[in-house]
Protein chains: 4
Amino acid sequence: MAKVNLAFLNDLVQAITRTERRGRGKDQLTAQTLLMRPPAERLAAACDVLMGRIGEAARVAVAEQALAAYAELDAEKQHDFFALLRDRFGADPEPIRKAYAAYDADPSAANLASLFEAVEPRRQTLLRRLNMAPGATLKLVAMRADLLKAIAANPSLAPIDSDFAHLLGSWFNRGFLYLERIDWSTPAAILEKIIAYESVHQIADWDDLRRRLDQADRRCYAFFHPATGNEPLIFVEVALTRAIPDAIAPILTAPRVDAPDEADTAVFYSINNSLPGLKGVSFGNLLIKQVVAVLQAELPQIKTFVTLSPAPGFAAWLSGETDSRAVALRTELEKGGWQNDPAEVERLRPEVEAAAARYFTEARSRKGAPYDPVARFHLGNGAAAWRVNWPADLAPGAVKRGHGLMINYLYDPVAIETQHEAFMRDGTIATGAPLASVLAR
Amino acid sequence: MAKVNLAFLNDLVQAITRTERRGRGKDQLTAQTLLMRPPAERLAAACDVLMGRIGEAARVAVAEQALAAYAELDAEKQHDFFALLRDRFGADPEPIRKAYAAYDADPSAANLASLFEAVEPRRQTLLRRLNMAPGATLKLVAMRADLLKAIAANPSLAPIDSDFAHLLGSWFNRGFLYLERIDWSTPAAILEKIIAYESVHQIADWDDLRRRLDQADRRCYAFFHPATGNEPLIFVEVALTRAIPDAIAPILTAPRVDAPDEADTAVFYSINNSLPGLKGVSFGNLLIKQVVAVLQAELPQIKTFVTLSPAPGFAAWLSGETDSRAVALRTELEKGGWQNDPAEVERLRPEVEAAAARYFTEARSRKGAPYDPVARFHLGNGAAAWRVNWPADLAPGAVKRGHGLMINYLYDPVAIETQHEAFMRDGTIATGAPLASVLAR
Amino acid sequence: MAKVNLAFLNDLVQAITRTERRGRGKDQLTAQTLLMRPPAERLAAACDVLMGRIGEAARVAVAEQALAAYAELDAEKQHDFFALLRDRFGADPEPIRKAYAAYDADPSAANLASLFEAVEPRRQTLLRRLNMAPGATLKLVAMRADLLKAIAANPSLAPIDSDFAHLLGSWFNRGFLYLERIDWSTPAAILEKIIAYESVHQIADWDDLRRRLDQADRRCYAFFHPATGNEPLIFVEVALTRAIPDAIAPILTAPRVDAPDEADTAVFYSINNSLPGLKGVSFGNLLIKQVVAVLQAELPQIKTFVTLSPAPGFAAWLSGETDSRAVALRTELEKGGWQNDPAEVERLRPEVEAAAARYFTEARSRKGAPYDPVARFHLGNGAAAWRVNWPADLAPGAVKRGHGLMINYLYDPVAIETQHEAFMRDGTIATGAPLASVLAR
Amino acid sequence: MAKVNLAFLNDLVQAITRTERRGRGKDQLTAQTLLMRPPAERLAAACDVLMGRIGEAARVAVAEQALAAYAELDAEKQHDFFALLRDRFGADPEPIRKAYAAYDADPSAANLASLFEAVEPRRQTLLRRLNMAPGATLKLVAMRADLLKAIAANPSLAPIDSDFAHLLGSWFNRGFLYLERIDWSTPAAILEKIIAYESVHQIADWDDLRRRLDQADRRCYAFFHPATGNEPLIFVEVALTRAIPDAIAPILTAPRVDAPDEADTAVFYSINNSLPGLKGVSFGNLLIKQVVAVLQAELPQIKTFVTLSPAPGFAAWLSGETDSRAVALRTELEKGGWQNDPAEVERLRPEVEAAAARYFTEARSRKGAPYDPVARFHLGNGAAAWRVNWPADLAPGAVKRGHGLMINYLYDPVAIETQHEAFMRDGTIATGAPLASVLAR
């Protein structure tokens with residue numbers, strides 16, 4: 001506990017004492033003794049106080065203590081705390097029963113409202129009160145990231161994620177987000193997060209970052225939320241190019257055009273969600289569309305909006321295919337060597353393209369969605385699968401997961417909404433002319 | 001409809017058509033024909049679309065259209081819309097029954113989560129989606145103000161206010177608010193709202209405003225929310241003085257000290273909530289305590305934090321008292337003339353002070369809370385009833401509602417929390433020495 | 001002397017003592033005794049210290065004391081101070097003689113540089129050092145305004161204005177100015193200056209100001225300088241209209257178009273220099289051209305940039321004309337009554353227009369420049385005299401000075417530079433078609 | 001010429017044509033032909049135009065072209081341009097003679113003003129007009145840096161540096177500078193300049209930078225000027241420590257205290273002037289004193305303000321000393337090996353300290369100032385030579401130039417001004433107790 005505000009601790013102790021309403025004999029609680037208690041105990045005490053009858057300003061202080069105590073917990077103690085949230089901050093069955101009986105007898109709006117109130121888990125109130133502390137929102141997002149890990153180990157904690165998801169979904173409503181351009185005049189404290197959070201095409205160092213931000217052919221945009229300040233929630237890196245690119249290396253290493261007005265195409269070549277604690281609170285769709293609008297206004301000569309995206313499920317999918325052609329192709333690709341052999345690449349390309357085309361249009365997950373997770377995102381947004389590119393990314397990870405394959409998804413502003421709906425309705429995948437011609441071969 | 005974006009309207013039409021999934025024969029809907037429909041119809045259509053399967057970006061556009069259509073409704077049509085929210089955007093009984101049956105059989109956290117989901121009225125989702133439009137939050141706050149008026153006329157609409165209150169309470173969480181000082185370097189667009197929203201001691205014009213902001217002995221602070229931008233949600237006007245003031249006119253007309261460091265007292269002489277649509281989402285408590293902290297840091301020589309508050313229920317309460325002393329006093333006060341007669345004031349003062357002391361310490365509402373609404377607020381915050389002052393405000397409204405009586409509530413930082421709790425627990429009212437001595441007479 | 005920093009005063013005293021290097025016997029100077037001396041004496045002492053061998057940081061403090069002492073002077077003492085600047089802060093003749101002799105013998109660049117250094121009046125150094133105090137620049141501008149008044153009474157002070165003009169011209173170099181839009185989100189502290197400085201068409205109050213700033217058809221721009229902060233040095237008020245207006249009242253009272261995109265014309269209807277101390281350091285030319293550029297970029301449909309300007313010298317000029325037609329016209333106009341008599345206006349208009357056309361194209365000052373001061377400014381900028389409008393302004397001052405006459409000057413971006421040069425070269429006045437047709441009658 | 005604005009070039013051509021006032025026959029100048037001319041010719045033409053009778057707005061454009069053309073010049077052509085400034089933009093002898101004759105006859109203020117005007121080299125006007133272009137100030141500072149290099153090769157250019165120095169001194173008046181803290185929330189575009197300009201203790205990379213900025217015991221402050229925006233003109237790096245440090249490595253590698261309130265000393269361990277073109281326009285003095293004031297206000301427990309400074313002239317001075325003790329010490333030091341031999345260090349220390357004490361208090365340049373350039377700066381500011389530290393910096397450059405010696409200069413706020421004056425008056429060097437005790441040995 002880096003820095004302790006004793007006055008607040010005294011308040012907390014008094015509040016605990018008052019809340020507990022019982023003598024403690026020789027074990028009288030004081031600020032000093034509280035300090036010596038383990039953080040899990042301090043946290044539990046603070047949560048009890050928060051749900052009690054204390055003033056708003058005191059709540060802010062107690063919430064601060066609670067979050068500080070939480071920060072000291074290790075994974076095991078975190079798990080205990082989540083179990084506490086599950087078991088002690090649910091809802092009382094009796095009021096629910098009564099409210100349901102009334103609703104069952106007369107399903108009026110008033111009775112529904114009462115039932116809703118009775119059913120809301122008390123931990124939602126607790127989380128809202130924790131959120132009163134300065135900087136709390138980001139800490140609650142991190143807490144949820146811890147929770148998601150804990151759930152992976154112990155699924156019985158899953159129900160309390162509903163409450164986190166519910167509240168975060170409400171707080172991170174798109175109406176509260178703002179789009180900011182990230183460039184070389186952005187504070188270093190934000191830029192270092194861009195370096196840290198970029199996981200699609202990693203940023204080696206500040207020089208590499210500068211190459212992606214401080215050139216006439218580059219743009220980067222992020223969504224921010226007022227309560228999480230400097231934290232870029234999601235960001236997209238854009239290269240302005242002539243024509244649709246078919247490989248990532250040229251984009252990562254050098255400018256594609258000297259001036260924005262020489263470009264006709266905007267390439268979204270990296271999209272990153274920053275905070276695992278915001279899983280399921282998706283902004284990517286909106287980010288891309290808002291950036292398209294910004295670029296259309298600023299650079300009217302840009303007509304094509306497209307991604308250059310990895311195919312992270314391609315190798316896994318191919319290895320699961322059992323027809324002889326797939327098996328043969330996989331064997332060749334895994335053998336390696338083609339990376340540095342142009343003739344070999346030319347020989348293999350038709351086969352790879354055909355497999356890739358099948359992968360993007362036919363391969364499905366068990367739930368019936370596209371097998372490729374990146375495809376699910378872009379097709380779900382209403383983009384079209386435009387063209388497969390091979391070999392397009394020879395970074396080790398990209399070769400391992402996708403045999404070096406990449407794909408362009410096209411965001412055509414006039415077609416997006418219709419394609420989105422068709423995809424949502426029955427899984428229809430929009431395909432571009434280049435991909436279609438591969439399919440037609 | 002000031003300005004119409006035809007492209008968006010076309011989207012909306014297409015979305016409606018797709019949502020409705022039916023041919024419309026000759027009555028084919030187009031952007032033009034939609035435009036000619038009444039706003040209530042456009043609004044209802046947009047709400048249906050919003051709840052349907054459209055993309056996020058389209059939702060933003062449709063939400064914008066919906067709010068624009070709402071803005072055209074008169075009170076009657078607003079009422080119809082609220083009834084629609086009540087009747088068509090509730091929750092489906094069947095899933096609730098099933099979820100409840102499961103919960104009833106096993107009241108586990110998972111079953112509680114499912115029940116909570118089933119029970120949440122669909123209008124909460126609708127409101128969250130409406131909130132995606134630019135500037136929507138303030139419009140939804142205004143919509144709730146309309147709703148509160150509509151409920152006054154038609155109590156059957158009350159249940160949907162729970163949903164507004166629930167969402168606004170979550171969005172306007174104290175963790176999202178920020179405190180700003182208001183002074184003469186504040187944009188005029190904010191200052192004019194201060195003029196408009198000041199209802200305790202009205203601001204006559206810009207010169208009057210300047211007198212309250214741009215002098216060394218004045219401070220003004222407001223809470224803002226990122227989503228409502230320039231809107232001061234609540235603000236407090238402060239005068240720095242020597243000693244605790246006993247009348248409002250000197251404060252409103254001239255500086256009390258020449259420089260802040262000559263003052264030992266900060267007087268909160270006017271606190272205003274700006275937006276009726278945020279009723280019940282209270283910030284006042286926190287605002288005062290935060291301003292106390294700001295002033296303590298900036299002006300350490302200020303030791304006393306106190307209000308100079310009206311007594312808006314005093315006249316009504318006195319007129320309901322039936323003992324002869326009260327009746328006699330009321331008769332004298334209502335007769336008037338004392339306002340300009342110092343001797344008369346001296347004669348009446350002991351009687352008024354005695355009645356006032358009784359009023360602030362004994363008078364209760366039917367619910368058992370202090371009768372005076374301002375007292376409820378400050379005592380509930382943990383302040384002490386310090387001193388009654390008469391005559392302290394001779395403005396017509398103040399004379400009519402409070403016979404010119406004012407009171408100081410004392411915010412003693414070290415006592416606030418204890419007094420708050422005592423008040424919350426059993427209604428204990430903390431009294432200051434001056435008031436206590438009146439009571440002891 | 002509102003607030004005295006005794007520590008600084010002690011420094012000042014010590015510095016004075018050290019500078020003077022002489023015992024003072026019983027009359028030993030102390031901070032307290034210095035304080036009791038009259039401000040003129042304090043100022044003179046501070047100036048001596050500033051020119052002496054003190055550190056930079058001490059200079060800042062002494063400069064502050066000097067400017068504070070200056071602020072206490074009345075007009076007579078200001079005059080004495082300016083005389084002091086003239087007589088004691090000139091240049092030493094001996095070094096000048098030597099430097100000139102060297103230059104005369106060899107007019108090399110090096111000898112010129114030495115001569116320049118010898119010739120520079122010491123008050124320029126003094127003013128540069130005074131400028132080191134916080135907020136000094138604006139105070140020096142005000143000091144020059146005082147000086148200009150003093151010169152009017154005592155021309156022998158004129159030479160020191162060269163030094164002020166020289167330094168202010170250098171400090172207020174256009175490269176240091178920045179253009180800002182003034183609107184309703186501008187801080188009140190700036191807006192109140194707009195009200196105070198508007199002298200062409202006075203602003204009655206804040207409501208009137210709002211009418212000129214906060215409507216879709218209005219723009220206002222000002223130049224600011226970093227060292228004078230909130231001070232709008234010069235500002236122009238713009239109305240967006242359809243067609244070129246011929247009268248001021250409609251512009252001052254109501255919006256001309258509902259939305260900027262309905263306008264085809266931008267009317268500069270009021271241009272104000274704020275600080276008399278910046279006389280001769282002109283920004284107006286550049287302001288108009290920069291605003292034209294801003295509006296062209298933002299509102300491409302606006303094709304016409306024009307003023308609606310007063311004719312403040314018309315009445316004086318007409319009263320000096322001796323031909324019978326002019327005398328007859330003047331008599332009619334001065335008789336009055338035409339203001340409210342449309343028939344009379346129609347009768348007089350051809351005569352007024354003819355005289356006005358002559359006035360703007362032929363009337364000259366003794367120096368050969370256009371007689372009308374506003375015409376000198378706009379024609380000097382390269383604008384064309386477009387159309388005379390009568391009656392166009394019935395405000396008492398406008399009737400008195402200009403018989404209600406106004407004129408549009410046209411700023412045609414492609415013609416400005418050529419017209420400017422022609423005007424500078426030989427006084428050629430560009431005229432618009434409407435004015436030309438009056439001249440041709 | 002990266003990007004050419006043809007419209008402006010046409011203006012320029014027209015202006016040149018008009019200025020030259022002569023037909024050009026077949027060699028008619030056009031924008032295209034001008035473009036093909038070498039930059040030196042374009043620059044000379046633009047300068048002529050700038051001095052001619054063109055409008056203010058045209059001046060801005062022409063100044064921009066001139067500076068763009070200058071940017072294309074190599075060192076030789078720069079030299080030619082400076083010679084042009086010297087030879088063609090001086091002052092006319094005839095008016096000077098007349099003005100001097102008048103002044104000689106009557107050395108009145110008015111005649112002095114006329115003489116001053118006649119004597120001012122025309123290049124000052126030219127530079128002021130060049131400064132009207134956007135971003136010009138920084139370019140003129142860079143031009144002066146080029147000039148200083150050119151003067152080193154050709155002293156006959158020296159006189160025109162007077163004009164640059166005169167103007168830059170006026171524009172960079174301390175009243176126009178503002179102090180900003182540099183930390184991790186500063187834009188990267190500024191931070192990279194800190195990396196580039198730090199020459200005392202070089203910054204290896206961004207991680208190194210972060211170590212110096214983003215820790216609780218570090219501060220960094222810079223002066224900026226409104227006209228040069230993001231350019232830190234001078235900056236100082238500060239470490240908060242307990243006690244006065246005697247070696248640089250610990251400061252460069254790790255935090256000295258965990259929290260500012262644990263420190264009692266502020267160490268200015270690196271001060272850098274950024275722009276060689278501002279040579280002689282010194283800000284360092286004021287920067288240090290202003291930072292002292294900022295730190296005193298923010299961290300009142302800090303009582304000692306001190307530098308840890310290199311001794312860049314020590315080795316050169318020692319090698320010039322001829323007494324046997326100095327020769328012996330130099331031989332030992334140059335032999336090396338002591339760096340890694342604690343016993344050797346202990347043996348040599350008394351000798352080094354004695355020599356160092358003599359160096360800082362007695363060694364003089366030919367002009368009589370302290371021999372050490374860093375000493376000249378700090379002693380000139382009024383600091384005291386506090387303590388010599390050896391070995392304190394083992395970086396190769398520090399060993400080469402100063403045998404690893406460093407010194408603390410003490411900035412005692414109450415003594416600075418007196419010490420400054422004593423130093424300025426007769427070269428008195430204030431010494432601290434530790435240094436005095438070495439001298440007394």
Side-chain angles (χ1 to χ4, degrees), chain A residues 11 14-15 18 53-58 60 86-87 90-91 93 96-97 100 103-104 107-110 112-113 115-117 119-121 128 131-134 136-137 156 158-160 162-163 167 169-171 173-176 226-227 282 285-286 289-290 381-382 416-418 420-421 424-425, chain B residues 11 14-15 18 53-58 60 86-87 90-91 93 96-97 100 103-104 107-110 112-113 115-117 119-121 128 131-134 136-137 156 158-160 162-163 167 169-171 173-176 226-227 282 285-286 289-290 381-382 416-418 420-421 424-425:
Chain A
D11 285 357
Q14 285 176 32
R18 285 189 302 260
R53 212 157 41 188
I54 63 167
E56 295 272 317
V60 172
R86 182 193 58 201
D87 300 336
I96 295 180
R97 272 178 200 126
Y100 179 74
Y103 174 79
D104 195 39
S108 67
L112 178 63
L115 179 56
F116 176 70
E117 200 179 333
V119 158
E120 192 189 71
R128 276 191 288 262
N131 193 41
M132 292 170 67
T137 308
S156 84
I160 67 172
S162 308
D163 300 301
L167 282 173
S170 190
W171 290 339
N173 187 293
R174 283 92 184 141
F176 299 152
S282 110
N285 177 347
L286 206 65
K289 290 177 193 170
Q290 209 162 325
N381 289 346
I416 282 177
E417 191 55 25
T418 314
H420 163 76
E421 274 182 56
M424 296 306 277
R425 194 173 51 237
Chain B
D11 284 356
Q14 285 176 33
R18 285 188 304 258
R53 213 156 41 190
I54 62 166
E56 295 271 318
V60 173
R86 183 192 58 200
D87 300 335
I96 294 179
R97 275 181 195 123
Y100 181 75
Y103 175 80
D104 195 38
S108 67
L112 178 64
L115 179 56
F116 177 70
E117 201 180 332
V119 158
E120 192 188 72
R128 276 191 288 262
N131 194 40
M132 293 170 67
T137 309
S156 83
I160 67 171
S162 306
D163 301 300
L167 284 172
S170 190
W171 290 339
N173 187 294
R174 282 89 184 147
F176 299 151
S282 110
N285 178 348
L286 208 65
K289 290 176 193 170
Q290 207 161 324
N381 290 346
I416 283 177
E417 190 55 23
T418 314
H420 164 75
E421 274 182 55
M424 296 306 277
R425 194 173 51 238

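Keep in mind that this is a model prediction, so the values were computed, not measured. Labels below follow one simple rule: chain letters A, B, ... track the order of the sequence lines, proteins then strands, and each chain is numbered from 1. Worth knowing before you read on, the calculation uses all heavy atoms, side chains too, and leaves out hydrogens, waters and symmetry mates.
Heavy atoms of A/P134 lying under 4.5 Å from chain B are absent altogether. Neither the backbone nor the side chain of B/I160 comes within contact range of chain A; no heavy atoms are under 4.5 Å apart. Of the two parts of A/S170, the backbone and the side chain both hold a non-hydrogen atom closer than 4.5 Å to a non-hydrogen atom of chain B. With a threshold of 4.5 angstrom between heavy atoms, A/N381 does not approach chain B through any atom at all. In this structure, chain A has heavy atoms under 4.5 Å from both the backbone and the side chain of B/F116. For B/N173, the part sitting under 4.5 Å from any heavy atom of chain A is the side chain, from C-beta outward, and nothing else.
The CD atom of A/E120 lies 12.0 Å from the CG atom of B/L115; values are rounded to the nearest 0.5 Å.
The side-chain heavy atoms of A/F176 and B/P226, taken from C-beta on, include no pair separated by under 4.5 Å. With a 4.5 Å cut-off on side-chain heavy atoms, B/P159 and A/L112 do not count as touching.
Between chain B and the residues A/P121, A/S108, A/A133, the largest count of heavy-atom pairs under 4.5 Å involves A/P121. Interface remark: of the candidates A/A109, A/G382, A/A91, A/A158, A/A109 forms the most heavy-atom pairs closer than 4.5 Å to chain B. Put simply, of A/A58, A/P107, A/G169, A/G90, the one with the most heavy-atom pairs under 4.5 Å next to chain B is A/A58. Note on B/I96, B/L167, B/V60: by heavy-atom pairs under 4.5 Å with chain A, the leading option is B/I96.
Under the rule for a side-chain contact (heavy atoms from CB on, under 4.5 Å), the partners of A/Q290 that lie at least two apart in sequence or sit in another chain are A/L179, A/F223, A/L286. Applying the side chain to side chain donor-acceptor pair (under 3.5 Å) criterion to A/S162, with sequence neighbours excluded, gives no partner residue.
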